[in-house]
Amino acid sequence: MQGFTEKIVGLMKSHSLFESQGGPIILSQIENEYGAQSKLLGAAGYNYVTWAAKMAVETGTGVPWVMCKEDDAPDPVINTCNGFYCDAFQPNKPYKPTIWTEAWSGWFSDFGGPLHHRPAEDLAFAVARFIQKGGSFVNYYMYHGGTNFGRTAGGPFITTSYDYDAPVDEYGLIRQPKYGHLKELHKAVKMCEQALVSADPVVTSLGNFQQAHTYTSGSGDCAAFLSNYDTESATRVLFNNMHYNLPPWSISILPDCRNVVFNTAKVGVQTSQMQMLPTNTKMFSWETYDEDTSALDDSLMISANGLLEQINVTRDASDYLWYITSVDIGSSESFLRGGELPTLIVQSTGHAVHIFINGQLSGSAFGTRENRRFTFTGKVNLRAGTNKIALLSVAVGLPNVGGHFETWNTGILGPVALHGLDQGKRDLSWQKWTYQVGLKGEAMNLDSPNGILSLEWMEGSLAAQTQQPLRWHKAYFDAPEGDEPLALDMESMGKGQIWINGQSIGRYWTAYAHGDCSGCSYSGTFRPTKCQLGCGQPTQKWYHVPRSWLKPTQNLLVLFEELGGDPSKISLVKRSVSTVCAEISEYHPNIKNWQIESYGKTEEFHRPKVHLHCSPGQAISSIKFASFGTPLGTCGSYQQGPCHAPTSYDILEKRCVGKQRCAVTISNSNFGHDPCPNVLKRLSVEAVCAPMTSTTAQPG
């Protein structure tokens, strides 16, 4: 570990990347969330933490070292917080800054589970809570989602996509409103900088669930955070002789202790809805190659009496391990003469298994992230004489959190037994088993462009008639035009792995999501079970294909399918914004409404604006909904309310159609007249984004 740490620090120093050398790196971390392990190990854990801290500090980076989730981090290392909320956290010494190293913007997904959405209002509220109490530093995990290419997804059962509902998504596109809302939050915090760095907050109660945190500097700067922790009710508070309305579960930021420039629950930026559009790319020259389960290579096999743990045998060289044995069946067995077939029971410690009897797939079973262990139970069609039982055990990622990974089992550790033979149960667990690591196709490098020549492959049209398990498929495709991010739609397939030009896109698995997708309120403490999406759909059907991996033509796609599936329905899709929505009220907090110079002058109220923008290369092609008044519903399902300005559509169409971006001020004069006096009005808009054509393009 010391060698690794010194190697990385040395690399950074050689490029002058630490702040002490004039570079951008201001903090370094040693270890990661080790605290829970350290406690379990007692003295040995504490000694290790002390050693790791000393070793790191001695590398002499000139910037502070931190340890996250490590309450006993020794000086000068700073202990830091990771979590959905960190406002209750305090470092272990009063002279250490309060640092939030991982503000969780969402949560990861696992195959068979739903997607997790963390509302932008709650994430902004969590960060504002941390800042108002005097937090020094916040870092988002994840700020940019990503992809677990190859077999790097851990867990086990973590999906190939690690999008994390992050402000910048897996494909590198901005996720609105989360990105824009956080940008506005940080702009508001930055305006409070002078006061924030000059003092500790003075906390005053404004009600049962309401508080003010006020910062003042010697030179007269003043900033305040007004918080409402009530999860149900908005409230009106009195602060400095002025009234302020606070939505539930929110904080208002007042950089001058007077004007609200931001409220965490009032989202003023647009919501972008993404879509996966077809590309014109066709897959051509499909060919297949079947794993031959009967001709396993004896030279690669090992034999043992009894069942072996999978990772100890494969050493993670492959996700796949064959467990093979044989069973002799006497010709007098009654099931051979019309009786009930015997039942095979296979108990596995994870993560999936496919059962082959005499070369035919007899059934499959799978674990889940919650229950890695599972049991296959199924009728098996045996014949008189010797029967070959081949169990293909499949790992879906290795454990990546916790202690003593050597005690985590993977694979088939038994019992394996046949029930329903004439003499009752036959336990196969302790007989001779033969093992082969990996697939024949892996050994032949079928995934790579310079793998075995096409002699082995069979033309696709012949193969397409039967959906065969353990089948390799290959095809070619040309890169589509444009620069939108790309993905493969794999919904027609079962479970396996994908390669493009020899690079692994990752594991795919069309496992359907189970969960509670009944709805989502931003207010109240967030946890991953709270705002779930995608129940009843495949957890992941789109697999990110980096454009940088593609050639203009003749890209090789190879996949290995464990179960069956129809590769002719695989398609390459491109990701782009489909519609944008925005919804802003007349008195939305506005950063422009705060100018220190305006004290004592008659202040002009800057009216808020709705800002809409499509992706680069797109323009607003039509206005799907527009209403200034009291519209109802949310993005995708807006409806006119009792009050509506009839000019709403016209104004928006005039200002926005044909442009990449547009802004419309929310004022009665803009919409002809006041559609309902003495009512708080808002403007809700939904606009469609479409690729720009040379005729529609106008500068924004």
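As the structure is a computational prediction, the values presented were derived from the model and not from experiment.
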Q: Starting at CD1 of Ile30, measure out to SG of Cys68 and round the result to the nearest 0.5 Å.
A: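 Interatomic distance, Ile30 CD1 to Cys68 SG, rounded to 0.5 Å: 11.0 Å.
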
Q: Could you give the distance from NZ (Lys266) to OG (Ser585), rounded to the nearest 0.5 Å?
A: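 That separation rounds to 6.0 Å.
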
Q: Say whether Glu70 and Asn79, considering side chains only, have a donor N or O and an acceptor N or O under 3.5 Å apart.
A: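 Not at all, the side chains of Glu70 and Asn79 share no donor-acceptor pair under 3.5 Å.
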
Q: Any sub-3.5 Å donor-acceptor pair from Asn92's side-chain atoms to Ala73's backbone N or O?
A: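 The answer is yes, because a donor-acceptor pair under 3.5 Å joins these two groups.
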
Q: Would a distance-only check, ignoring hydrogens and angles, find a side-chain to backbone donor-acceptor pair under 3.5 Å from Arg372 to Glu370?
A: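 No: the side chain of Arg372 does not pair with the backbone of Glu370.
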
Q: Check the pair Ile253 / Cys192 against side-chain contact (heavy atoms from CB on, under 4.5 Å), numbers first and verdict last.
A: CA-CA 9 Å; Ile253 300 180; Cys192 306; 3.6 Å; yes

Q: Among side-chain atoms of Asp163 and Ser161, is any donor-acceptor pair under 3.5 angstrom?
A: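 There is no such pair between these side chains.
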
Q: Stepwise, does the side-chain contact (heavy atoms from CB on, under 4.5 Å) test hold for Arg175 with Val168?
A: CA-CA 6 Å; Arg175 173 173 276 113; Val168 180; over 6 Å; no

Q: Do the rings of Tyr140 and Tyr143 sit parallel, tilted or perpendicular, given the 30° and 60° boundaries?
A: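 Plane angle between 30° and 60°, so tilted.
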
Q: So, Ser205 and Gln211: side-chain donor and acceptor under 3.5 Å apart, yes or no?
A: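 There is no such pair (donor and acceptor under 3.5 Å, judged by atom type) between the side chains of Ser205 and Gln211.
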
Q: Determine whether Val66 and Ser28 make a side-chain contact, defined as any pair of heavy atoms from C-beta on separated by less than 4.5 Å.
A: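 No, every pair of side-chain atoms sits at 4.5 Å or beyond.
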
Q: Sequence neighbours excluded, which residues qualify as side-chain contact (heavy atoms from CB on, under 4.5 Å) partners of Tyr587?
A: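 Counting only residues at least two positions away or on another chain, Tyr587 forms a side-chain contact (heavy atoms from CB on, under 4.5 Å) with Phe605, Leu680.
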
Q: Do Ser219 and Asp221 have a side chain donor and acceptor closer than 3.5 Å?
A: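 Distance-only check passes for Ser219 and Asp221.
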
Q: Taking atom types as modelled, is there a side-chain donor on Glu121 or Thr264 under 3.5 Å from an acceptor on the other?
A: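 No, no side-chain donor-acceptor pair sits under 3.5 Å.
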
Q: Is atom CD of Gln90 surrounded by more than 12 heavy atoms (other residues, nucleotides or ligands) closer than 6.0 Å?
A: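 No, the 6.0 Å shell around CD holds no more than 12 heavy atoms from other groups.
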
Q: Report yes if the distance between the aromatic ring centroids of Trp107 and Phe84 is under 6.0 Å, otherwise no.
A: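 Under 6.0 Å, so yes.
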
Q: Can you name the residues that form a side-chain contact (heavy atoms from CB on, under 4.5 Å) with Ser521, not counting sequence neighbours?
A: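 Counting only residues at least two positions away or on another chain, Ser521 forms a side-chain contact (heavy atoms from CB on, under 4.5 Å) with Ser523.
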
Q: Can you sort out the partners of Arg369 under salt bridge (Lys or Arg N to Asp or Glu O under 4.0 Å), two or more places apart, ordered by chain and number?
A: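 Salt bridge (Lys or Arg N to Asp or Glu O under 4.0 Å) list for Arg369, sorted by chain: empty.
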
Q: Going through the checks in order, is the side chain to side chain donor-acceptor pair (under 3.5 Å) test met by Asp516 and Gln532?
A: CA-CA 6 Å; Asp516 173 12; Gln532 302 185 346; over 6 Å; no

Q: Side chains of Val580 and His611: does their closest heavy-atom pair fall under 4.5 Å?
A: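 A side-chain contact is absent here, since even the closest heavy-atom pair is not under 4.5 Å.
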
Q: Going by the rule salt bridge (Lys or Arg N to Asp or Glu O under 4.0 Å), which residues pair with Lys93 if we only count those two or more places apart in sequence or in a different chain?
A: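 Lys93 satisfies salt bridge (Lys or Arg N to Asp or Glu O under 4.0 Å) with Asp75 once adjacent residues are dropped.
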
Q: Looking at Ala487, is its backbone amide N or carbonyl O close enough to the side chain of Lys574 to form a donor-acceptor pair, meaning the two atoms are under 3.5 Å apart?
A: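 Between the backbone of Ala487 and the side chain of Lys574 there is no qualifying donor-acceptor contact (under 3.5 Å).
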
Q: What distance do Met55 atom CE and Gln2 atom CD have between them, rounded to the nearest 0.5 Å?
A: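 Rounded to the nearest 0.5 Å, the CE-CD separation comes out at 5.5 Å.
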
Q: Indicate whether any N or O donor in one side chain lies under 3.5 Å from an N or O acceptor in the other, for Asn590 and His606.
A: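 Not at all, the side chains of Asn590 and His606 share no donor-acceptor pair under 3.5 Å.
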
Q: Checking Asn139 side chain against Thr101 main chain: does a donor-acceptor pair fall under 3.5 Å?
A: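 Yes, Asn139 side chain to Thr101 backbone: donor-acceptor pair under 3.5 Å.
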
Q: Parallel under 30°, tilted from 30 to 60°, perpendicular over 60°: which one fits the rings of Tyr141 and Tyr162?
A: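 It falls in the perpendicular class, over 60°.
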
Q: CG of Asp230 to CG of Asn208: how many Å apart, nearest 0.5 Å?
A: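 Here the interatomic distance stands at 9.0 Å.
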
Q: Assess whether a salt bridge exists between Asp316 and Arg151, defined as any Lys/Arg side-chain N lying under 4.0 Å from an Asp/Glu carboxylate O.
A: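 Salt bridge present between Asp316 and Arg151.
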
Q: With under 30° as parallel and over 60° as perpendicular, where do the rings of Trp509 and Phe157 fit, or are they tilted in between?
A: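 Ring orientation of Trp509 relative to Phe157: tilted.
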
Q: Is there a donor-acceptor contact under 3.5 Å from the side chain of Gln540 to the main chain of Trp542?
A: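 Here the side-chain-to-backbone pair exists.
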
Q: Can you tell me how far the CG atom of Leu196 sits from the NE2 atom of His213, to the nearest 0.5 Å?
A: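 If I round to the nearest 0.5 Å, the distance is 11.5 Å.
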
Q: For the CD atom on Glu406, are there more than 12 heavy atoms of other groups (residues, nucleotides or ligands in this structure) within a distance under 6.0 Å?
A: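 Yes - once you tally the heavy atoms of other residues, nucleotides and ligands closer than 6.0 Å, there are more than 12.
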
Q: Measure from the side-chain N and O atoms of Trp65 to the backbone N and O of Val77, and report whether any donor-acceptor pair falls under 3.5 Å.
A: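 Not confirmed, Trp65 side chain does not pair with Val77 backbone.
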
Q: Checking Thr160 against Asn148: is there a side-chain donor and acceptor pair closer than 3.5 Å?
A: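 Their side chains do not contain a donor-acceptor pair, so the 3.5 Å distance test is not met.
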
Q: Can Glu193 and Lys190 be counted as an ion pair, charged N to O under 4.0 angstrom?
A: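 Yes.
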
Q: In terms of ring plane angle, is the pair Phe149 and Trp549 parallel, tilted or perpendicular, where the classes change at 30° and 60°?
A: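 Tilted.
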
Q: For Thr235 and Ser233, does a side-chain donor sit closer than 3.5 Å to a side-chain acceptor?
A: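 Checked: Thr235/Ser233 side chains show no N/O donor-acceptor pair below 3.5 Å.
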
Q: Between Ser272 and Gln270, do the side chains contain an N or O donor and an N or O acceptor separated by less than 3.5 Å?
A: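 Their side chains do contain a donor-acceptor pair, which is all the 3.5 Å distance test asks for.
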
Q: Would you check if there is a donor-acceptor pair between the side chains of Ser250 and Asn263 at a distance under 3.5 Å?
A: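 Their side chains do contain a donor-acceptor pair, which is all the 3.5 Å distance test asks for.
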
Q: Does a donor on one side chain sit under 3.5 Å from an acceptor on the other, for Ser109 and Thr159?
A: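 Present: a donor and an acceptor within the cut-off.
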
Q: Give a yes or no answer on whether the side chain of Lys13 reaches the backbone of Thr59 with a donor-acceptor pair at less than 3.5 Å.
A: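 Judged by distance alone, yes, a pair lies under 3.5 Å.
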
Q: For the residue pair Ile251 and Gln132, establish whether any side-chain heavy-atom pair is separated by less than 4.5 Å.
A: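 Of all side-chain heavy-atom pairs linking Gln132 with Ile251, at least one is under 4.5 Å.
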
Q: List the residues meeting salt bridge (Lys or Arg N to Asp or Glu O under 4.0 Å) with Arg507, not counting sequence neighbours, and say none if there are none.
A: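 Listed in chain order: Asp319.
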
Q: How many angstroms lie between atom CD of Gln273 and atom OG of Ser576, to the nearest 0.5 angstrom?
A: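 Reported to 0.5 Å precision, the distance equals 12.5 Å.
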
Q: Can Arg118 be said to sit on top of Tyr85's aromatic six-ring, NZ or CZ under 6.0 Å from centre and within 45° of the ring axis?
A: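 Yes, cation above the ring, under 6.0 Å and within 45°.
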
Q: For Ala212 and Leu226, which heavy atoms make the closest approach, and how far apart are they?
A: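 Residues Ala212 and Leu226, closest heavy atoms: CB-CD2, 3.7 Å.
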
Q: Are Tyr48 and Tyr34 an aromatic pair, judged by ring center distance below 6.0 Å?
A: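 When the ring centroids of Tyr34 and Tyr48 are compared, they turn out to be within the sub-6.0 Å range.
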
Q: State whether a side-chain donor-acceptor pair under 3.5 Å links Glu102 with Trp104.
A: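 Yes, because at least one side-chain N or O of Glu102 sits under 3.5 Å from a partner of the opposite role on Trp104.
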
Q: Given 3.5 Å as the limit, does a donor-acceptor pair link the side chain of Gln618 with the main chain of Ser615, or not?
A: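 Checked: pair present.
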
Q: Please answer whether the main-chain N or O of Ala120 pairs with a side-chain N or O of Lys178 as donor and acceptor at a distance below 3.5 Å.
A: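 It does not hold such a pair.
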
Q: In sequence, state the C-alpha distance, the side-chain angles, and the governing distance for His181 and Phe262, and then conclude on ring pair (Phe, Tyr, Trp, His ring centres under 6.0 Å).
A: CA-CA 9 Å; His181 195 50; Phe262 182 83; 4.9 Å; yes

Q: As a quick check of understanding, evaluate side-chain contact (heavy atoms from CB on, under 4.5 Å) for Tyr164 and Ser105, giving each step before the final call.
A: CA-CA 7 Å; Tyr164 215 83; Ser105 57; 3.6 Å; yes

Q: Could you check whether any side-chain N or O of Asp169 sits under 3.5 Å from a backbone N or O of Leu173, counting only pairs where one atom can act as donor and the other as acceptor?
A: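 The answer is yes, because a donor-acceptor pair under 3.5 Å joins these two groups.
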
Q: What's the shortest heavy-atom distance between Cys86 and Gly83, and which atoms?
A: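 Looking at all heavy atoms of both residues, the closest pair is SG-N, 4.0 Å.
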
Q: Please list all pairs passing the disulfide (SG to SG under 2.5 Å) test where one or both residues lie in residues 96-162, with sequence neighbours left out.
A: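 Not a single pair qualifies under disulfide (SG to SG under 2.5 Å).
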
Q: Give a yes or no on whether Lys96 atom NZ has more than 12 heavy-atom contacts from other residues, nucleotides or ligands under 6.0 Å away.
A: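 Yes, NZ of Lys96 has more than 12 neighbouring heavy atoms, counting only those of other groups under 6.0 Å.
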
Q: So Trp249 and Phe125, would you call those rings parallel, tilted or perpendicular, with 30° and 60° as cut-offs?
A: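 Tilted, since the angle between the ring planes falls between 30° and 60°.
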
